[in-house]
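Notes to accompany the following structure.
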Amino acid sequence: MSLASKYDSKTTEEKWYNYWIENDFFTSIPDERESYTIVIPPPNVTGVLHMGHMLNNTIQDVLIRRARLKGYNACWVPGTDHASIATEAKVVKKLKDQGIDKNDLTREEFLQHAWDWTDEYGGIILEQLKKLGASCDWSRTKFTLDDDMSASVIKVFIDLYNKGLIYRGYRMVNWDPEAKTTLSDEEVIYEERNGHLYHLKYQLKGSEDFVSIATTRPETILGDTAICVHPDDERYTSLVGKTVIVPIVNREIPVIADPYVDMEFGTGALKITPAHDENDKIIGETHHLEVIDIFNEDATLNSFGLHYEGKDRFVVRKEISKELEDRGFLIKKEDHVHKVGTSERTNAVIEPRLSDQWFLKMDELAKPAIKAVKEDIVELLPPKFKSTYFHWMENVRDWNISRQLMWGQRIPAYYYGDGKDDFVVATSLDEAVALSRKRTNNNNLLPEDLRQENDVLDTWFSSWLWPISVFNGILEPENEEINYYYPTRDLVTGPDILFFWVARMIVAGYELRGERPFDKVYLTGLVRDKQRRKMSKSLGNSPDALNLLEEYGADGVRVGLLLSAAAGNDIMFDEDLCQQGKGFVNKMWNAFRLIKGWQVDKSLEQPQHAAQGIAWYTSRFNQVLSEIEDHYSKYRISDVLMTSYKLIYDDFCGWLLEIIKPEYQQPIDPKTLAEVIALLEDNMRLMHPFTPFITEEIWQSISNRKVEEALCINTWPEGGTSDQTVLTDFELVQEVISGIRTVRKEKQIAFKNQIELKAINNEDLDTKYNSLIQKMGNVISVEIISEQVAGAASYRVRSNEYFIPLEGNMDVAAELEKLEAELKRAKGFLIGVQKKLSNERFVGSAPEQVVAIEKKKEADTLAKIETIEASMKALK
RNA sequence: GGGCGCAUAGCUCAGUUGGUUCAGAGCACUUGGUUUACACCCAAGGGGUCGGGGGUUCGAAUCCCUCUGCGCCCA
């Protein structure tokens, strides 16, 4: 036999992945079978595989491979996302490194660079997923900027616009001064920062008196247009309606009253800068205040900044506070911790900014999506995410869908004039010309008179269509594929994009197809390191995904990742888990190696213990299979794995193989061999979703298989009934054997030394198991007796008592001590049970069944006490 | 500031409707074994006041209240 004792994952994995691909096992085309569809959460096109990807793609692969075995037409659609802001930022940086400024390029030139970048790095991540074993239908690979995908996005934009759901508004938006674009609320990360609270004084017009206000942003006084106090604040009642003078600027502004002001905070007087604060803007609107925007788009000051014009906001903050101090306007400066919005992508501090943006009305759209989750038509797993989802969806704000970027779908709005509403929305320039002519009654309008909107759409405005658009369900809503594959089954993703993406897909599903996009949303946890830190590049605590695959093999890594990955819980990733996974794969390999190595002697009959072992494992397998089905139905994937792991490690390898294993270098009988191979095959079917490579390797090594017999496209184990008597008997047998091992250890009897076993068989355990016990315990004979044996080590299994006669002197005192302890424990337990039973209220109110159990416990314990006492007497 | 969640063995976590097998699993640990399936092995063993306090109940890890400590989301 030439099989290596250590399993070599490298060559095997490549071999079988190629085999699956060559034979189109992952390719799906609609047929008469039921479909089982998963769409991948498209990773950033230029990204590389990290731990999070490995985790959620492994889960998807487990689900899809199992569906394939179960006979569904399994279809897992892969693809990538153009990730507008992230990708654009990378391209801008690369150009900068080459000395090229993005602003010197035309749109077309910049996009050419972006496509070059995409062509160079795009799709690397998909190749990495193949190494992990992902069984995606690669022929369906999509990219959110593919022509048809973009056409879908544009069509949806136009349809929603025509429905009146998309509008253009002058709103306060989150402005990233570094990327020079707006961000959606979800892309802003709030961080605690140490800053200062500046107390400033504003002189009352025509008086020597001052009003003092507190602000964290002194530079914004340049845009102040009012001072606001609470109407109930008696300190300021007399000031309302008067005029104060803004320091440095010398602008005259009114003192107004509004209940928004928090009387407790600062001085109770608030300066109002409508251009630079969301709440100030609202107050400004209520009181018809002037709006003065003091910033340029890169957050340097504009002409309203006076002598600070051209300087950065943070520089100005320092300088102006100095000037205010020098000129006597600064009363005091306190340390102050406050939350600051930062850009998820560039880390720049977000500047609230008023600008013209495109919005999608969300409140009506959200309703069916809320209902779907409420009624579990779309089920969130684990369900704890539901309340978060409702909270967000019920307070949803209109979605700012425009971005001041180039890398993405350009908004199909065309301006024909300078007025805010002088635009039409159209699929093409020609159509826009026609529409504009109609709108303006000006038939002389030419294409060159129109100017297309420069903004592109938010990336999520393409990915929210993903489950529909990958099947071309937007452009051809009744095509065969969309009708066959949609709705999809499972979506596996992280909770961090529950709102960005998941919620919006549900919205899109109902709005565009009147149907949920998927049945289940499996939310994985974040992958953290052992110290609970998030994995990040800057910490350098993220293991290189490809190195892991290299070192532990894809199967090992998959097992390692899923061992402790209950849905929704963060997983503390520890490389030791991959080691455990690798060890498990090796275990399966060696189990196979053992079986493969047996020589058959056709003349041999099947020994009784082998028949018993096979019968037991068959029942055990079926029992565990139904547990596994139950776990799967609840999407408890790590429980499925752990249950399967124990079945194979303990039951199959630890017990069955040891039972049927012939003596060293002896042949095996043909019946046992055939049966154990069939059981091994079932094990391989069961494990295939988790460890596709090793199972295929073993499967194909058991015998020569035709292409259509490959495990990858084989069937899930059918299962069957399990014989309860066999299972119960065997449990007892296992305890008996375990007892022998304990005694051997305590008495230091080496396993190679045979022993005798005598049993008082109160449980009436069938004596047909004696040969099995003999084999597993290296027992020379099992004798049923009726009296305690003196000079023997003893142990009890339920009411049965076992004796192992000891040669030579035995330590009577130690044995007595052991029995004493056992007796004490039993008596204590008995007292508890009897106390319960003597409690009339317990007997009266507990269900009959529960009382019966307690009574049985009492009887069993009494019997046990009796045997222990008898043993002690025999020893003395 | 608003919302959601968590706390069980050294670590990571199960524990579903309050009641059998309720105090469990895996890893780690300790001890012992190793005439070839596998030291990536086998066996046995120790280890927890179920975060603290109070309540409901015949009975609470489980339900309720409260305190403490953490985490996440949103503003």
Side-chain angles (χ1 to χ4, degrees), chain A residues 1 3-7 185-186 188-190 262 265 278-279 339 341 382-392 394-395 397 495-496 498-499 525-526 528 530 532 534 552-553 556 560 563-566 568-574 576-598 630-631 634 636 638-639 641-643 645-646 649-650 653-654 657-658 661 663-665 731 737-746 748-752 776 835-847 849-857 860:
Chain A
M1 193 181 72
L3 294 174
S5 73
K6 286 184 186 175
Y7 169 68
D185 294 336
E186 291 74 22
V188 177
I189 297 164
Y190 289 86
D262 177 359
F265 185 80
E278 174 86 63
N279 295 306
K339 296 246 174 134
K384 70 177 175 187
F385 287 108
K386 278 166 134 183
S387 36
T388 320
Y389 175 88
F390 293 135
H391 189 253
W392 190 78
E394 281 159 7
N395 299 290
R397 307 208 295 183
D496 47 334
L498 183 59
F499 306 132
L526 291 172
R528 294 169 177 277
K530 261 195 213 172
R532 280 192 181 273
K534 277 187 193 177
Y552 300 101
L563 271 175
S564 80
N569 284 345
D570 286 357
I571 82 164
M572 302 316 135
F573 182 75
D574 184 343
D576 289 352
L577 289 170
C578 290
Q579 187 57 53
Q580 196 185 337
K582 187 179 175 184
F584 178 53
V585 168
N586 194 54
K587 184 77 180 174
M588 287 195 276
W589 175 246
N590 274 290
F592 163 68
R593 215 161 61 90
L594 174 68
I595 295 169
K596 184 81 176 171
W598 285 331
D630 185 53
H631 286 317
K634 291 168 182 154
R636 294 162 158 261
S638 47
D639 286 339
L641 175 58
M642 188 46 80
T643 310
Y645 180 97
K646 285 193 276 189
Y649 223 115
D650 300 338
C653 297
L657 292 185
E658 293 302 330
K661 194 199 246 176
E663 295 291 315
Y664 180 52
Q665 288 188 333
E731 251 174 60
I737 293 162
S738 203
I740 294 169
R741 288 169 178 165
T742 314
V743 170
R744 278 182 181 278
K745 167 139 173 136
E746 276 171 2
Q748 305 203 321
I749 305 166
F751 186 79
K752 58 186 169 191
M776 295 298 285
K835 204 170 157 190
K836 223 176 196 181
L837 282 169
S838 60
N839 182 342
E840 280 172 34
R841 296 214 282 173
F842 169 72
V843 181
S845 28
Q849 195 192 349
V850 176
V851 179
I853 287 159
E854 292 301 315
K855 284 197 171 145
K856 180 161 192 318
K857 273 196 219 166
D860 287 352

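Letters go in sequence order (proteins before strands), and every chain restarts at 1.
Atom CG in A:Leu657 sits about 8 Å away from atom C1' in B:A37, given to the nearest Å. In this structure, the CG atom of A:Leu594 is 16 Å from the C1' atom of B:C40, given to the nearest Å. Computed from coordinates, the A:Arg593 CZ to B:C40 P distance equals 13 Å when rounded to whole Å. In this structure, A:Tyr7 places its OH atom 17 Å from P of B:C41, rounding to the nearest Å. The interatomic distance linking A:Lys634 (NZ) with B:A14 (C1') rounds to 13 Å, in whole Å. One atom, CG of A:Asp650, and another, P of B:A25, lie 11 Å apart when rounded to the nearest Å. Rounded to whole Å, atom P of B:G5 lies 17 Å from atom OH of A:Tyr389. Between A:Lys752 atom NZ and B:A43 atom C1' the separation is 16 Å, expressed in whole Å.
When distances run from any side-chain atom of A:Glu658 to the nucleotides B:A25, B:G19, B:A37, the shortest one goes to B:A37. Checked against B:G15, B:C73, B:C40, the side chain of A:Phe499 finds its nearest nucleotide in B:C73. When each of B:U36, B:A75, B:C38 is scored by its nearest atom to the side-chain atoms of A:Arg397, the top-ranked nucleotide is B:A75. Here B:C73 is the nucleotide among B:C73, B:U16, B:A43 with the atom lying nearest to any side-chain atom of A:Thr388. Taking the side chain of A:Gln580 as heavy atoms from C-beta on, and the options B:G45, B:C27, B:A25, the nearest nucleotide is B:C27. Among the nucleotides B:G32, B:G26, B:A14, the one closest to the side chain of A:Asp639 is B:A14. Closest to the A:Asn586 side chain, of the nucleotides B:C40, B:A37, B:G26, is B:C40. Here the side chain of A:Asn590 is nearest to one of B:A37, B:C40, B:C4, namely B:A37. With distances taken from any side-chain atom of A:Thr742 to the nucleotides B:C58, B:A44, B:G15, the minimum falls on B:A44.
Residue A:Tyr649 places at least one side-chain N or O closer than 4.0 Å to OP1 or OP2 of B:C41.
B:G71 and B:C29 have their C1' atoms separated by 29 Å, given to the nearest Å. Of the P atoms belonging to B:A44 and B:G18, the separation is 36 Å, rounded to the nearest Å. Rounded to a whole angstrom, the distance from the C1' atom of B:G15 to that of B:U20 is 15 Å. Nucleotides B:G51 and B:G45, compared at atom C1', are 29 Å apart to the nearest Å.
When every heavy atom of A:Leu563 is checked against every heavy atom of A:Ser638, the shortest pair comes out as O-CB, 3.9 Å.
A:Lys587 contributes a side-chain N or O that forms a donor-acceptor pair with the base of B:C38 under 3.5 Å.
The residue A:Lys646 sits close only to the backbone: its heavy atoms come under 4.0 Å of sugar-phosphate atoms, none of a base. Note on A:Phe390: nothing from the nucleic acid sits closer than 4.0 angstrom, heavy atoms only. Within 4.0 Å (heavy atoms only), A:Phe751 reaches no atom of the nucleic acid at all.
Nearest-nucleotide mapping onto RNA chain B: of A:Val843 and A:Arg741, the residue sitting toward the 5' end is A:Arg741.
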